[in-house]
Amino acid sequence: MNGTGQSKIGQASRIGLSSYAFFWQLSDAVSAPLSIHDALERTAAMGVDLFQICDYTPLEHMSDDELGAVRATADNHGITLEIGTKGIRPEHLRRFLHIARILGADLLRTMFNVPGHTPNNDEATAIFTEVLPEFEAAGVRIAVETYEQVPTERILDVIRAVDSPYLGICSDPANTVAALEMPRQVIDAVEPYVLNMHIKDFAFSRKQGWVGFTYSGAPLGEGLLDYDYMAEKIQPKQRNINQIVEHWLPWQDTETDTIRLENQWTKQSLDYLRSK
């Protein structure tokens, strides 16, 4: 089976929001955190019909009834769901396959490493080979995100070894800079295998006192992400690959400023992607 990472036939490419676009507003850092239902309502109000619940800790511990209620809210607003987690232990992946079935999600984004489990390539290949038939039967694909803890070429070696269209890449070149992997090189390497794209901009700034740099988020279109190059190489519209908006927004001086800027970055990101 050829694992070139093509999306499902007939599925149109879409622009979606991640729970990371509401990172601070969903967190306990604010006085009145949003629920996931609130985030879905906000998403619909912005004219977006795709939402990726990614690294949202309460999701894993929801009962089937609670998951069904999230699905109902999404359905009521015309929103399709994707989900994201970290780790590839077989029992963990099967738990999220169960969640995906209830939520009607056809994509699970994950990362190789979690505390206590850092699989080598042989173990990762064996795990995916074991669980993927269950994912394929359910119509759910797994997208492994590019990030600084695991060299991109190592991830690709596993994907090539498994060789299934149900296992591919979640492309996020912003993450790999921390491992001194240059974004264009990563984009070129992963292009044939991309199933999902995380879209966030990034920039360096001098630290106070001019000693060192801070690597952090930037409003989409104003940082170092070469979006046009990435889109030209990966061709999300032509290949029906969803683009999910995220942010690396640092906490601001106040809660009010943080929430205002988070919402501003989301609007700017949507406007930017819709203009392309």
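When a residue number appears, it is its place in the shown sequence, counting from 1.
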(message) Tell me whether E153 is salt-bridged to R160, with the criterion being a basic N under 4.0 Å from an acidic carboxylate O.
(response) yes
(message) Side chains of T254 and D257 only: does a donor on one sit below 3.5 Å from an acceptor on the other?
(response) yes
(message) I want to check something: taking the side chain as every heavy atom from C-beta on, are E246 and I199 in contact at a cut-off of under 4.5 Å?
(response) no
(message) Is it the case that the ring center of W248 lies less than 6.0 angstrom away from the ring center of Y215?
(response) yes
(message) Would you say that L26 contacts P33 through its side chain, given a criterion of any heavy-atom pair below 4.5 Å between the two side chains?
(response) no
(message) I'd like to check C170 versus T146 (side-chain heavy atoms, cut-off strictly below 4.5 Å). Are they in contact?
(response) no
(request) Answer yes if the side chains of D188 and Y229 hold a donor-acceptor pair under 3.5 Å, and no otherwise. (result) yes
(message) Closer than 4.0 angstrom, basic N to acidic O: yes or no for R14 and E82?
(response) no
(request) Could you verify whether a donor N or O on one side chain and an acceptor N or O on the other, from Q149 and N175, lie under 3.5 Å apart? (result) no
(request) Compare all side-chain heavy atoms of F202 with those of P183 and state whether any distance is below 4.5 angstrom. (result) yes
(message) Checking Y147 against D172: is there a side-chain donor and acceptor pair closer than 3.5 Å?
(response) no
(message) Checking the side chain of D201 only, and the main-chain atoms of G221 only, is there a donor and an acceptor separated by less than 3.5 Å?
(response) yes
(message) Could you tell me if Y227 and Q243 have a donor-acceptor pair between their side chains, going purely by distance under 3.5 Å?
(response) yes
(message) Is there a side-chain contact between M46 and L270 in this structure, where contact means two heavy atoms from C-beta onward sitting under 4.5 Å apart?
(response) yes
(message) Are more than 12 heavy atoms, taken from residues, nucleotides or ligands other than K276, located less than 6.0 Å from that residue's NZ atom?
(response) yes
(request) Could you tell me whether E130 and R94 make a salt bridge, using a distance below 4.0 angstrom between a side-chain N and a carboxylate O? (result) yes
(request) Using a strict cut-off of less than 4.0 Å between a Lys/Arg side-chain nitrogen and an Asp/Glu carboxylate oxygen, indicate whether D38 and R42 qualify as a salt bridge. (result) no
(message) I'd like to know if V144 and V158 are part of one continuous hydrophobic network [Ile/Leu/Val/Met/Phe/Trp/Tyr, side-chain heavy atoms within less than 4.5 Å].
(response) yes
(message) For a 4.5 angstrom cut-off between non-hydrogen side-chain atoms, does L107 reach V140?
(response) no
(message) Classify the ring geometry of H92 against F96: parallel below 30°, tilted from 30° to 60°, perpendicular beyond 60°.
(response) tilted
(message) Check this for me: does any side-chain nitrogen of one of K233 and E191 sit under 4.0 Å from a carboxylate oxygen of the other?
(response) no
(message) For the residue pair S18 / H198, report whether a side-chain donor-acceptor contact shorter than 3.5 Å exists.
(response) no
(message) Could you check whether Q52 and N196, counting side-chain N and O atoms only, form a donor-acceptor pair closer than 3.5 Å?
(response) yes
(request) Indicate yes or no: at least one non-hydrogen side-chain atom of K86 is less than 4.5 angstrom from one of H117. (result) no
(request) For the residue pair N242 and T80, establish whether any side-chain heavy-atom pair is separated by less than 4.5 Å. (result) no
